[in-house]
Amino acid sequence: FFFPADHAIPDPLWSRGLGDVYKRQVPVIAACGFATESMFATSVLAQDAVQTDRGVLHPSYQIVLLDAGVTPDSQGAIRLLNRLTTSNATVDEIGKYIRELGSDNFHARRNARFQLLGMGSIANAQLSSAIHSHDFETVLQTKSILRSLKSKSNEAVREEQVLAAFRLLSTEVNRACVPSVLAIIPELKSKTLLKHGAIVLWASVSDEHRDQIASALQHPNAEVRIAAIPAWEIIEGEKAVELVRPLLSDVQSAIRLSAARALFDHAPRVCMETLIDLLDSEDRSTRLQAAWLTAEAFDEQHAISSARTFG
């Protein structure tokens, strides 16, 4: 279920200690509240992430991005995430794409279909009205899109596109992606996507995102707060203690665990107390992650003591 530190995202400049290393591990992201679906899924995810984070994007993800109508680069991935974030869609944009469903240009119709499918249920009302259009092609396409939106296959396509965008952004870091990642996290249902969204966020944040991450820490969506806690520590370092330490007493165990991991390098004693308390958590994933981090902390302390004794 757990993996050693060499499965972490390669980042020697950031790695300062136990908490800093392990908060970037793919399996440990589950401790942020993104419980893994199965041991097998976690193993495959970890292995795949190592390959991807070494800078090699699998061709299948490039194909997904191209099929979605964007270029297989960081700018294209950001555009795709923005398009798939339903809160970004406006009435005018939806209307524009519905009109393009009746275009004489095949590529315009194809792009409009992709755009509307990506918007999801937010486009339902206007699509339902478009069924009464006098244009036969528009009616035909609209009915097809509505059927797809109601099917599981469309959600699978959307998740595939989000994953491809995240994969690319984990190989080609673009700091401009931070707002897009924060915006789409509340809409993600898949635990795998939440994990990869956190990976991209942590790899991309910098001092310029201080205000955005500070705001994310107060976000009503728990997944956003959970991903933002380590991001804040990445930006602030030891200064993060003041803002994150109160989260060690949060009512949600996933928030407490995320805070403990983020601050372990700076306040190990109080973080250890939190981890020990979390060993009694009702959530199995939280218990396992707390137990693992506690064991790793003891192992590291033992190694330091041994080095002092025999050094």
Visitor: To the nearest 0.5 Å, how far apart are CG in Leu127 and NZ in Lys143?
Guide: 13.0 Å

Visitor: Nearest 0.5 Å please: distance from the CD atom of Gln126 over to the CD1 atom of Ile131.
Guide: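 Going from CD on Gln126 over to CD1 on Ile131, the span is 13.0 Å.
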
Visitor: State, yes or no, whether a side-chain contact exists between Leu101 and Tyr97 at a heavy-atom distance under 4.5 Å.
Guide: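 No - every pair of side-chain heavy atoms lies 4.5 Å or more apart.
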
Visitor: Is Arg225 close to Gln218 at the side-chain level, that is, under 4.5 Å between some pair of heavy atoms?
Guide: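 They are not in side-chain contact.
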
Visitor: Between Leu279 and Leu275, does a side chain to side chain contact (heavy atoms under 4.5 Å, CB included) hold up when you go through it step by step?
Guide: CA-CA 7 Å; Leu279 295 176; Leu275 290 173; over 6 Å; no

Visitor: Out of curiosity, Leu201 CG to Ile185 CD1, how far, rounded to the nearest 0.5 Å?
Guide: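 Here the rounded value is 5.5 Å.
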
Visitor: Taking the side chain as every heavy atom from C-beta outward, state whether Arg245 and Leu248 have any pair of such atoms under 4.5 Å apart.
Guide: yes

Visitor: Could you pull out all residues at least two apart from Ser103 that satisfy side chain to side chain donor-acceptor pair (under 3.5 Å)?
Guide: none

Visitor: Please tell me whether Phe114 and Leu84 are part of a single hydrophobic cluster in this structure, the criterion being side-chain heavy atoms less than 4.5 Å apart.
Guide: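 No; Leu84 is not reachable from Phe114 via cluster members.
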
Visitor: Does the side chain of Ile199 reach to within under 4.5 Å of the side chain of Phe166, using non-hydrogen atoms?
Guide: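 Not in contact.
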
Visitor: Does any N or O in the side chain of Ser258 come within less than 3.5 Å of the main-chain N or O of Ile255, such that one atom is a donor and the other an acceptor?
Guide: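 Side chain of Ser258 to backbone of Ile255, a donor-acceptor pair under 3.5 Å: no, none is there.
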
Visitor: Where the side chain of Trp202 meets the backbone of Ala227, is there a donor-acceptor pair that is under 3.5 Å apart?
Guide: yes

Visitor: Are any of the side-chain heavy atoms of Ser148 and Arg113 separated by less than 4.5 Å?
Guide: yes

Visitor: For side chain to side chain contact (heavy atoms under 4.5 Å, CB included), just list the numbers for Arg83 and Val70, CA-CA rounded to whole Å, side-chain angles, deciding distance to a tenth of an Å, and then say yes or no.
Guide: CA-CA 10 Å; Arg83 191 177 81 195; Val70 298; 4.3 Å; yes

Visitor: What about Val173 and Ile234, same hydrophobic cluster or not, with Ile/Leu/Val/Met/Phe/Trp/Tyr joined at side-chain heavy-atom distances under 4.5 Å?
Guide: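 No, it is not one cluster - the side chains of Val173 and Ile234 are not joined through contacts under 4.5 Å.
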
Visitor: Please say whether more than 12 non-hydrogen atoms of neighbouring residues, nucleotides or ligands are located less than 6.0 Å from CG in Asp104.
Guide: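 Open.
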
Visitor: Is Leu293 close to Leu257 at the side-chain level, that is, under 4.5 Å between some pair of heavy atoms?
Guide: yes

Visitor: Would you sort out whether Thr138 and Arg99 count as a side-chain hydrogen bond (donor to acceptor under 3.5 Å, both in side chains), showing the intermediate values?
Guide: CA-CA 7 Å; Thr138 298; Arg99 290 191 296 274; over 6 Å; no

Visitor: Quick one: CD1 on Ile94 to CD on Gln115, what's the gap to the nearest 0.5 Å?
Guide: 11.0 Å

Visitor: Could you please spell out the steps behind the side-chain hydrogen bond (donor to acceptor under 3.5 Å, both in side chains) verdict for Ser133 and Asp135?
Guide: CA-CA 5 Å; Ser133 170; Asp135 182 81; 5.3 Å; no

Visitor: Could you check whether Arg287 pairs with Glu282 (Lys NZ or Arg NE/NH1/NH2 to Asp/Glu carboxylate O, under 4.0 Å)?
Guide: no

Visitor: Should Val64 and Val157 be regarded as members of a common hydrophobic cluster, given that ILVMFWY residues are connected when their side-chain heavy atoms come within less than 4.5 Å of each other, either directly or indirectly?
Guide: no

Visitor: On a heavy-atom basis, which atom in Pro246 and which in Val241 lie closest, and how many Å separate them?
Guide: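 Closest pair (atom of Pro246, atom of Val241, distance): CD-O, 4.3 Å.
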
Visitor: Please determine whether side-chain hydrogen bond (donor to acceptor under 3.5 Å, both in side chains) holds for the pair Asn82 and Ser180, giving the CA-CA distance in whole Å, both sets of side-chain angles, and the decisive distance to 0.1 Å.
Guide: CA-CA 6 Å; Asn82 289 338; Ser180 302; 2.7 Å; yes

Visitor: Dump the intermediate steps for side chain to side chain contact (heavy atoms under 4.5 Å, CB included) on Arg210 and Trp232, then the final yes or no.
Guide: CA-CA 7 Å; Arg210 178 178 280 101; Trp232 182 250; 3.6 Å; yes

Visitor: For Val270 versus Ala267, what's the shortest heavy-atom pair and its separation?
Guide: CG1-O, 3.3 Å

Visitor: What heavy-atom pair brings Ala176 and Ile78 nearest, and what distance separates the two atoms?
Guide: C-CD1, 3.9 Å

Visitor: Give the minimum heavy-atom separation between Ala262 and Ile229, together with the two atoms involved.
Guide: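 Scanning both residues completely, I find the closest heavy atoms to be CB-CG2, 3.8 Å.
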
Visitor: Could you walk me through whether Glu223 and Lys189 satisfy the salt bridge (charged side-chain N to carboxylate O under 4.0 Å, His left out) test, starting with their C-alpha distance in whole Å, then the side-chain angles of each, then the deciding distance to 0.1 Å, before giving a yes or no?
Guide: CA-CA 10 Å; Glu223 282 76 13; Lys189 300 176 183 177; over 6 Å; no

Visitor: Does Ser144 reach the main-chain N or O of Leu140 with its side chain, forming a donor-acceptor pair under 3.5 Å?
Guide: no

Visitor: Ignoring hydrogens, what is the shortest heavy-atom contact between His219 and Asn221? Give both atom names and the distance.
Guide: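 Looks like ND1-N, 2.9 Å.
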
Visitor: If Ile, Leu, Val, Met, Phe, Trp and Tyr residues are connected whenever their side-chain heavy atoms lie under 4.5 Å apart, and connections chain through other members, are Leu163 and Leu182 in the same group?
Guide: yes

Visitor: Would you sort out whether Ser74 and Glu172 count as a side-chain hydrogen bond (donor to acceptor under 3.5 Å, both in side chains), showing the intermediate values?
Guide: CA-CA 6 Å; Ser74 61; Glu172 184 181 325; 3.0 Å; yes

Visitor: So, Arg256 side chain and Leu278 main chain: donor-acceptor pair closer than 3.5 Å or not?
Guide: no

Visitor: One pair to check against side chain to side chain contact (heavy atoms under 4.5 Å, CB included): Ser204 and Val181. What are the steps and the verdict?
Guide: CA-CA 10 Å; Ser204 305; Val181 174; over 6 Å; no

Visitor: CD1 of Ile235 to CG of Asp211: how many Å apart, nearest 0.5 Å?
Guide: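 The distance works out to 9.5 Å.
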
Visitor: Using a strict threshold of under 4.0 Å (side-chain N to carboxylate O), is an ion pair present between Glu100 and Arg109?
Guide: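 A salt bridge is absent here (no side-chain N lies under 4.0 Å from a carboxylate O).
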
Visitor: Where do Thr294 and Ala290 come nearest, in terms of heavy atoms and distance?
Guide: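 Taking Thr294 first and Ala290 second, the nearest heavy atoms are OG1-O, 2.7 Å.
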
Visitor: Would you find more than 12 non-hydrogen atoms of other residues, nucleotides or ligands less than 6.0 Å from Arg79 atom CZ?
Guide: yes

Visitor: Side-chain contact test, heavy atoms from C-beta onward, threshold under 4.5 Å: evaluate it for Leu169 versus Leu81 and give yes or no.
Guide: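 Yes; the side chains approach each other to less than 4.5 Å.
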
Visitor: Kindly compute the distance separating OG (Ser206) from CZ (Arg175), expressed to the nearest 0.5 Å.
Guide: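 The distance works out to 4.5 Å.
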
Visitor: Look at the side chain of His132 and the backbone N and O of Ser129, then say whether any donor-acceptor pair between them is shorter than 3.5 Å.
Guide: no

Visitor: Hey, does Leu65 have a side-chain heavy atom less than 4.5 Å from the side chain of Thr71?
Guide: no

Visitor: Can you get from Leu57 to Leu66 by hopping between Ile, Leu, Val, Met, Phe, Trp and Tyr side chains that sit under 4.5 Å apart?
Guide: no

